[in-house]
Amino acid sequence: MKLIATLCPILLASTVFAAGTTKTAAKTTTKPPTKTPAKAPQKQPIKGAVQMAGDNGQLGVTYTIGDNGPLNFTLNSAEYRASRVIMGEATIAPTAEQKLLVLNVTLHNPNKDLTALDWGTLRLTAVDPNDQNHEYETYVAKPGTNETLSVELKPAQEIDVFYVIRVPIKGVIPKLIVTPQNGGKVLRYDLRKVVKGLPAPFADTTEPSGANGLAEIKAEAGTFYPLEGFDIKLVSTAYHEGKLGEYEPDEDKRYLIATVTIKNAGAIETAYDNGTFTAALIAEDDEKSDSQNFLKPVRNEGATGNLKPGQEYTGRFFFMLPKDVKAKTLTVAENESRTYSFDVSNTK
């Protein structure tokens, strides 16, 4: 009993000590887990419609063509032209038996990498009503500036361009074939109802589609008309008795002088002389005579020189005909261009 009594105060003291003592636990700081920001969803390349084998493309619809470095191709419009088209420094002019098919296109790079674009990236072929193929001019150019392109398109870059194909002056062009040069399916278009026709005065108005052009155009004085590299305007005509410098008419004959203005409508400086143009006069009795020379505007000397783009020059053609016969028609052409005919029956 004494032993128990002795131990009790000790136990009690120990108990009191333990109860009166408050221990503060060390704080543990736990950082919240770092959130990794969600990656923005990566944009997928925009692809156009996939053309089916033998299927026709539609105007205004985008198609992805080509296997290696494909391009999105959209044919926006097509038109026939009777006048020249400038592509870089090249003048694309139709002959008297041709018209131009101009194709306005939007190209877009749907790839993650740079994609090359130049004249050889795509091949364009027009098929005429006789199933003859006509290949495109080897240029691709920007509308407005006519700058030819050899560039690398950035990812998602889009660019408007145009292509040109020489086609026969007569007939609707029924088919266009677009071939990617890096492999893949071709894209075919039915052009029979989508090409804008030739404007006046170049269109044969007896054919409603506007696809038939005229090789000879009825022209009026005071208006510029496109030849090949030059535009030409008839200024005036007049009869002339007697000599023109070293030139003297035969007995009982006189000259008709046709004053014209030529303009360099190309992109580079171009030479002119008497051999540049073919001018002829048809008299009222239907006899035809060729121009004897192309003279300077005042001096009775041969006109020759160079014109810069947009620069004009006024010169004179002259023709010999009997004094008692009036002139009827003046015709002018340049190399293989279409011919313009002017009514000169009222010449004094």
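We count residues from 1, following the sequence as given.
Considering only heavy atoms from C-beta on, Phe202 comes within 4.5 Å of Pro226 through its side chain.
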Pair Thr261, Glu312 - check side chain to side chain donor-acceptor pair (under 3.5 Å), show working. CA-CA 7 Å; Thr261 298; Glu312 299 179 7; 5.4 Å; no
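Hydrophobic cluster of Met87: the remaining members, joined at side-chain heavy-atom separations below 4.5 Å, are Val85, Ile92, Leu100, Val102, Tyr139, Phe162, Val164, listed by chain and number.
Heavy-atom minimum distance, Ala333 versus Leu227: CA-CD2, 4.0 Å. Counting all heavy atoms, side chain and backbone alike, Pro168 lies closest to Ile173 at CD-CD1, 4.3 Å.
Hydrophobic clustering, with ILVMFWY side chains joined whenever heavy atoms are under 4.5 angstrom apart, groups Leu103 together with Val61.
Defined by atom type and a distance below 3.5 Å, a donor-acceptor pair is missing between the side-chain atoms of Gln157 and Asn109. Side chains of Asp113 and Asn111: a donor-acceptor N/O pair is absent below 3.5 angstrom, by distance only.
Residue Thr106 forms a side chain to side chain donor-acceptor pair (under 3.5 Å) with just one option from Asp160, Asn72, Thr62, and that option is Asp160.
Taking the ring centre of Tyr225 as origin, the terminal cationic atom of Lys233 falls outside the region bounded by 6.0 Å and 45° from the ring axis.
Proximity of the aromatic rings of Tyr255 and Tyr247 is defined here by a centroid distance below 6.0 angstrom, and this criterion is not met. Aromatic rings of Phe73 and Tyr63 (six-membered ring for Trp) have centroids beyond the 6.0 Å cut-off, not under it.
Other residues, nucleotides and ligands place no more than 12 heavy atoms under 6.0 Å from the CD atom of Glu220.
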